[in-house]
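Below is the structure I would like to discuss, written out as structure tokens.
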Number of protein chains: 2
Amino acid sequence: MRYHTINTRILIGAIGHMCGAQSGVRSISKQTLLRLPMYLDYLKRLEGEDAAHISAPKIAAALGLNEVQVRKDIAAVSSCAGKPKTGFETARLIRDIEAFLGYDSVNEAVLVGAGKLGRALLGYEGFAQFGIRLVAAFDRNADAAAMYGKDAPMILPMEKLTDLCRRMGIHIGIITVPAESAQEVCDLLVSCGVRAIWNFAPTRLYVPEGVLLQNENIASSLAVLSAHLKQSM
Amino acid sequence: MRYHTINTRILIGAIGHMCGAQSGVRSISKQTLLRLPMYLDYLKRLEGEDAAHISAPKIAAALGLNEVQVRKDIAAVSSCAGKPKTGFETARLIRDIEAFLGYDSVNEAVLVGAGKLGRALLGYEGFAQFGIRLVAAFDRNADAAAMYGKDAPMILPMEKLTDLCRRMGIHIGIITVPAESAQEVCDLLVSCGVRAIWNFAPTRLYVPEGVLLQNENIASSLAVLSAHLKQSM
DNA sequence: GGAAAATTGTTAATTTTTTAACATCTGTTT
DNA sequence: AAACAGATGTTAAAAAATTAACAATTTTCC
């Protein structure tokens with residue numbers, strides 16, 4: 001079993017029309033992908049105001065980025081051609097970015113591990129705006145396996161995971177169990193058809209090719225803060 | 001006011017003995033900094049077992065990194081010289097990384113914005129292990145400004161922020177307010193002496209030179225997941 | 001209608017980060 | 001005790017990401 005994650009480029013397969021000898025595969029850098037949500041957020045706030053059009057230099061200035069970078073990022077995900085002196089159509093850009101990110105369709109997700117962090121995520125209501133719906137949470141501990149909140153998803157015992165994931169065709173798994181059991185949970189999720197895993201456990205996971213692993217590391221962020229303070233003392 | 005963040009290198013000033021013409025300033029790349037917590041976690045788990053020594057190739061294999069990269073990272077933060085055929089002393093490495101990251105001393109932090117996400121973070125108990133202690137939370141909404149949980153820090157009205165931060169000499173601020181008010185809160189924190197800001201609001205913040213801004217973006221992570229699913233449909 | 005200003009899109013240069021290559025050192029094993 | 005295997009540390013190459021440079025285009029304002 002080989003470790004697999006997004007390394008440098010994410011290939012976006014374009015089924016259908018291949019023009020000329022071009023293979024029709026668009027490739028986008030991970031860095032660009034990470035910036036897309038920033039653009040999206042900014043554009044949406046903009047739309048609420050007057051601006052029907054927006055230029056790359058404006059976006060760059062507002063977000064503290066380089067202007068060329070913004071243009072390249074836009075070109076990578078949108079066919080929207082900007083007009084000189086005018087810029088890009090705001091609404092169109094939003095549509096294209098959302099479509100690219102898949103926020104326009106809904107993916108259902110399950111969460112495993114209802115400890116502190118897990119329950120915190122369960123309580124987070126922002127998933128919807130990213131096209132993700134948390135349908136259930138699982139925990140080994142039977143005590144925790146009870147209704148939690150009113151609108152929040154149920155916490156179920158681990159035994160029900162396989163069945164539910166298969167029945168509902170779940171594609172996203174969120175892992176918030178301790179490091180020791182993370183790999184085990186990960187394997188279980190993959191065997192149920194999960195194709196993208198968001199790992200909060202501070203450990204390296206191994207997934208088969210074709211499954212995306214995204215590691216979230218609170219510790220890394222804190223390391224940056226902490227190192228800065230250490231330095232500036 | 002100029003935007004400032006860790007750009008590419010973090011300068012670590014070494015007060016004291018400067019050998020030769022060397023200025024005594026160590027510089028470490030941001031990427032390295034983000035990997036340090038991974039090493040730390042791995043090494044600690046290792047220490048629990050048998051291993052008094054560990055080699056760079058082993059670490060690299062376990063964490064899915066390049067072996068040279070690991071050696072360079074170690075060299076950047078530790079004076080611990082590895083012995084050929086043996087590797088590095090595990091305990092010494094742990095000490096050095098923790099010292100470098102400042103996890104050995106405690107920094108106190110405040111959180112502003114006790115909405116869903118803010119309360120989730122308040123409930124998170126992992127801060128201690130990174131040398132961070134959350135001493136108080138603030139919210140504009142007076143209703144929310146009440147005791148929350150038993151061990152969790154208090155939620156106080158915004159009016160008390162300035163006084164508390166100044167009195168306690170707080171250096172870290174965590175922002176979990178909506179985008180609209182994030183800059184205002186940020187400015188307030190900076191004016192109270194906060195020198196590192198962990199921003200969860202999906203917006204660009206401007207801080208004066210010398211203050212570190214670390215943006216946390218859940219949306220960016222989800223973008224990666226979502227784009228992958230979009231592609232592999 | 002024409003000059004000026006602003007913006008696009010692209011190609012080239014720079015910088016940063018990662019990976020490979022290699023010479024050297026240290027335990028271990030026969 | 002000598003050869004070997006497994007490390008280290010460093011220097012060089014490669015790859016990736018960012019930034020600069022510039023020609024081409026479109027609106028605006030006289």
Side-chain angles (χ1 to χ4, degrees), chain A residues 3 5-11 22 26-36 38-39 43 46 51-90 92-93 96 220 224, chain B residues 2-11 22 26-36 38-39 43 46 51-90 92-93 96 220 224:
Chain A
Y3 172 70
T5 188
I6 291 194
N7 202 337
T8 55
R9 303 244 135 201
I10 295 172
L11 298 178
Q22 219 34 32
R26 262 198 296 179
S27 124
I28 187 173
S29 89
K30 178 164 184 180
Q31 306 300 322
T32 294
L33 192 48
L34 295 176
R35 280 189 294 267
L36 291 180
M38 297 173 51
Y39 299 139
L43 293 173
L46 215 63
H53 290 264
I54 183 71
S55 72
K58 289 251 178 63
I59 298 177
L63 269 48
L65 302 173
N66 180 285
E67 146 192 352
V68 178
Q69 195 168 55
V70 172
R71 263 190 235 117
K72 286 192 172 171
D73 287 346
I74 289 177
V77 301
S78 169
S79 57
C80 177
K83 259 199 218 158
K85 185 88 187 203
T86 307
F88 302 86
E89 199 184 327
T90 312
R92 173 89 186 279
L93 269 190
D96 284 356
S220 285
V224 176
Chain B
R2 205 170 78 60
Y3 172 72
H4 171 76
T5 187
I6 291 194
N7 202 337
T8 55
R9 305 244 134 202
I10 295 172
L11 298 178
Q22 217 38 29
R26 263 197 295 180
S27 124
I28 187 172
S29 88
K30 178 164 184 180
Q31 305 300 322
T32 294
L33 192 48
L34 295 176
R35 280 189 293 266
L36 290 179
M38 297 172 51
Y39 298 139
L43 293 172
L46 216 64
H53 289 265
I54 182 71
S55 72
K58 290 250 178 64
I59 297 177
L63 268 48
L65 301 173
N66 179 286
E67 146 191 353
V68 178
Q69 195 167 54
V70 173
R71 267 193 229 113
K72 286 192 172 172
D73 287 346
I74 289 177
V77 301
S78 169
S79 58
C80 177
K83 259 200 220 158
K85 184 89 188 201
T86 307
F88 301 86
E89 200 185 324
T90 312
R92 172 89 186 280
L93 269 190
D96 284 355
S220 286
V224 176

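The analysis underlying the following values was restricted to heavy atoms, covering all of them including side chains, and did not include hydrogens, waters or symmetry mates. Letters A, B, ... mirror the listed sequences (proteins, then strands); counts begin at 1. Everything numeric in this text was worked out from a predicted model, so none of it was measured.
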Quick one: is B:Lys83 getting a side-chain N or O under 4.0 Å of the C:dG27 phosphate, OP1 or OP2?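 So the side-chain polar atoms of B:Lys83 do come within 4.0 Å of the phosphate oxygens OP1 or OP2 of C:dG27, strictly under.
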Figure out the CD/P separation between B:Glu67 and D:dA7, and round it to whole Å. 8 Å
Between atom CD1 in B:Ile74 and atom P in D:dG9, what is the gap in whole Å? 8 Å
For the side chain of B:Lys85, starting at C-beta, report the closest nucleotide among C:dT7, C:dA20, D:dA5.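 Among the listed nucleotides, the one closest to the side chain of B:Lys85 is D:dA5.
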Between A:Arg35 and D:dT18, is there a side-chain N or O to OP1/OP2 distance below 4.0 Å? yes
B:His53 side chain near B:Lys83 side chain, heavy-atom distance below 4.5 Å: no
If you pin B:Arg71 and A:Ala56 to their nearest nucleotides in DNA chain C, which one's is more 5'? A:Ala56
B:Leu65 and B:Val70: which non-hydrogen atoms are nearest, and at how many Å?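 Answer, listing the atom of B:Leu65 first, then B:Val70: CB-CG2, 4.2 Å.
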Whole-Å distance between C:dT7 P and A:Glu89 CD?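 After rounding, the gap between these two atoms is 17 Å.
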Can you find a donor-acceptor N/O pair under 3.5 angstrom joining the side chain of B:Lys72 to the base of C:dT19? yes
What I want to check is whether the side chains of B:Ser55 and B:Arg71 have a donor and an acceptor closer together than 3.5 Å. no
Could you state the NE2-P distance from A:His53 to D:dT28, rounded to the nearest angstrom? 11 Å
In whole Å, what is the span from the CD atom of B:Gln69 to the C1' atom of D:dT11? 17 Å
Please report the interatomic distance CG(B:Asp96) to CD(B:Glu89), rounded to the nearest 0.5 Å. 9.5 Å
Which nucleotide in C:dT10, D:dT8, C:dT8 has an atom nearest any side-chain atom of B:Pro84: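 Of all the options, the side chain of B:Pro84 is nearest to D:dT8.
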Give the rounded distance in Å between these two atoms: CD1 of A:Ile28 and C1' of D:dA16. 15 Å
Without decimals, in angstroms, what is the distance between A:Asn66 CG and C:dG9 P? 15 Å
Atom-pair distance (CD on B:Gln31; P on C:dT15), nearest Å: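 Value for this atom pair: 18 Å.
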Between the base of C:dT7 and the side chain of A:Lys58, is there a donor and acceptor pair under 3.5 angstrom? no
Which nucleotide in the set C:dG9, D:dG9, C:dA20 lies at the smallest distance from any side-chain heavy atom of B:Ala81?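 The closest nucleotide is D:dG9.
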Measuring from B:Met38:CE to B:Ile59:CD1, what's the distance to the nearest 0.5 Å?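 Here the rounded value is 11.0 Å.
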